[in-house]
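This structure is in structure tokens; I'll ask about it shortly.
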Amino acid sequence: MISTVGKRSSLWTKWAVLVAVLLAVWVTLALTRPTAKTVSMTPLSGLMTLKTMAADSVPFDSAIASSKPTLIEFYADWCTTCQSMSSTMNTLHQQYGEHINFVMLNIDDPAAAPQVNQYRASGVPQFTLLSETQAPVDTWVGKVPAPIFTDAFAQLLPSVS
């Protein structure tokens with residue numbers, strides 16, 4: 001026969017385990033829930049931003065004739081990474097647009113074929129940074145964090161940073 005003390009000890013153990021499990025679930029939910037500042041880009045909004053940016057970008061010939069550095073973005077409308085990066089690129093354009101030419105070339109447009117070949121665009125998105133003399137400085141392919149761009153821009157534009 002189990003004593004009353006044994007029953008109480010077993011009951012306390014069960015309660016302690018239950019409290020520990022509930023606390024663990026609460027902590028997990030508290031740490032993994034999205035914050036109110038999280039911005040969710042839908043594929044449609046990313047595509048719309050991409051198209052707007054392409055329409056507003058500096059034409060390639062004008063950028064090459066300019067004395068400013070140039071960032072060429074090779075993209076495609078169907079590219080989900082291009083769409084997801086459109087917000088980041090839009091922010092960078094707003095920050096550095098006075099000092100850097102932002103050019104967007106759609107790899108599916110036959111008119112962009114010479115530049116795709118010249119800069120060896122091997123995937124999308126591809127970002128090719130050119131100096132003020134239009135010499136290649138760096139190239140990135142895929143999803144690139146904004147600090148990578150800002151660091152490269154700071155090296156080209158020390159007085160702006």
Side-chain angles (χ1 to χ4, degrees), residues 22-161:
L22 290 174
L23 183 61
V25 168
W26 180 80
V27 168
T28 301
L29 291 175
L31 294 177
T32 60
R33 70 180 167 87
T35 63
K37 294 182 182 180
T38 300
V39 176
S40 175
M41 289 282 291
T42 66
L44 182 59
S45 65
L47 178 60
M48 295 307 294
T49 303
L50 193 64
K51 286 191 167 291
T52 300
M53 289 174 51
D56 294 341
S57 75
V58 176
F60 177 78
D61 292 335
S62 298
I64 295 301
S66 167
S67 61
K68 295 192 307 189
T70 299
L71 180 67
I72 304 170
E73 178 180 352
F74 294 94
Y75 76 98
D77 289 339
W78 49 261
C79 170
T80 56
T81 304
C82 302
Q83 294 169 14
S84 71
M85 285 211 52
S86 64
S87 176
T88 299
M89 297 312 297
N90 193 32
T91 300
L92 290 170
H93 184 243
Q94 289 173 6
Q95 285 180 290
Y96 295 96
E98 290 182 32
H99 308 285
I100 296 174
N101 295 313
F102 282 78
V103 174
M104 294 188 64
L105 297 174
N106 187 335
I107 63 162
D108 292 330
D109 182 354
Q115 291 80 27
V116 169
N117 290 328
Q118 178 182 358
Y119 295 103
R120 295 184 178 96
S122 59
V124 286
Q126 175 174 310
F127 303 93
T128 300
L129 182 61
L130 307 176
S131 69
E132 62 279 344
T133 62
Q134 306 313 321
V137 173
D138 214 338
T139 297
W140 305 274
V141 178
K143 191 165 187 149
V144 181
I148 300 292
F149 290 114
T150 57
D151 288 348
F153 296 166
Q155 291 177 4
L156 281 177
L157 308 165
S159 62
V160 174
S161 304

Worksheet item: Do Val116 and Phe74 have side-chain heavy atoms sitting under 4.5 Å apart?
Response: yes
Worksheet entry | Minimum side-chain heavy-atom gap Leu129-Thr139 below 4.5 Å | no
Response to the item:
Gln134 and Thr70 have their tightest heavy-atom pair at OE1-OG1, 3.1 Å
Worksheet entry | Shortest non-hydrogen contact from Pro125 toward Cys79 | CD-SG, 3.8 Å
Worksheet, complete the sentence: Interatomic distance, OG1@Thr80 vs CG@Leu47, rounded to 0.5 Å, equals 11.0 Å
Discussion item. Side chain to side chain contact (heavy atoms under 4.5 Å, CB included) for Ile64 and Leu130? Distances and angles first, verdict last.
Written reply: CA-CA 9 Å; Ile64 295 301; Leu130 307 176; 3.9 Å; yes
Worksheet item: CG/Leu157 to CZ/Phe153 distance, rounded to the nearest 0.5 angstrom?
Response: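 It comes to 8.0 Å.
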Worksheet, complete the sentence: One should read off an interatomic distance between Leu156 CG and Asp151 CG, to the nearest 0.5 angstrom, of 11.5 Å
Worksheet entry | Non-hydrogen side-chain atoms of Met85 and Lys143 separated by less than 4.5 Å | yes
Worksheet entry | Val124 side chain reached by Thr81 side chain, heavy atoms, under 4.5 Å |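 Not touching, per the 4.5 Å side-chain cut-off.
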Worksheet item: What orientation do Tyr119 and Phe60 show, parallel under 30°, tilted 30 to 60°, or perpendicular over 60°?
Response: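 Because their plane-to-plane angle is over 60°, the rings of Tyr119 and Phe60 count as perpendicular.
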Fill in: Any donor-acceptor pair under 3.5 Å from Thr52 side chain to Met48 backbone
yes
Worksheet entry | Main-chain N/O of Thr150 paired to Gln95 side chain as donor or acceptor, under 3.5 Å | no
Discussion item. Looking only at the side chains, is there a donor atom on one of Asn90 and Thr49 sitting less than 3.5 Å from an acceptor on the other?
Written reply: no
Worksheet item: What are the two closest non-hydrogen atoms of Ser57 and Ala54, and how far apart are they?
Response: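 That would be OG-O, 3.1 Å.
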Item to complete: Return the set of residues passing side-chain hydrogen bond (donor to acceptor under 3.5 Å, both in side chains) with Gln126 (not counting sequence neighbours), or none when no residue passes.
Response: Thr128
Worksheet entry | For the student: nearest non-hydrogen atoms of Gln83 and Trp78, plus distance |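 Taking Gln83 first and Trp78 second, the nearest heavy atoms are NE2-C, 4.1 Å.
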Discussion item. Less than 4.5 Å apart, side chain to side chain, heavy atoms only: is that true for Asp56 and Phe102?
Written reply: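 Not touching, per the 4.5 Å side-chain cut-off.
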Fill in: Which residues share a salt bridge (Lys or Arg N to Asp or Glu O under 4.0 Å) with Asp77, sequence neighbours left out
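Salt bridge (Lys or Arg N to Asp or Glu O under 4.0 Å) check on Asp77 returns Lys51.
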Worksheet item: To the nearest 0.5 Å, what is the distance between CE (Met104) and NE2 (His93)?
Response: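 Between Met104 CE and His93 NE2, I get 10.0 Å after rounding to 0.5 Å.
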Practice prompt. Kindly indicate whether the side chain of Leu105, heavy atoms from C-beta on, has any atom under 4.5 Å from the side chain of Ile72.
Written response: yes
Worksheet item: Got Glu132 and Lys68 here, is their nearest side-chain heavy-atom distance under 4.5 Å?
Response: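 Of all side-chain heavy-atom pairs linking Lys68 with Glu132, none is under 4.5 Å.
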Discussion item. With a 4.5 Å cut-off on side-chain heavy atoms, are Phe149 and Val144 touching?
Written reply: yes
Fill in: Where Leu50 and Glu73 come nearest, the two heavy atoms and their spacing
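So the minimum-distance heavy-atom pair works out to CD1-OE2, 4.2 Å.
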Worksheet entry | Closest non-hydrogen atom pair, Ser122 against Val141 | OG-CG2, 4.1 Å
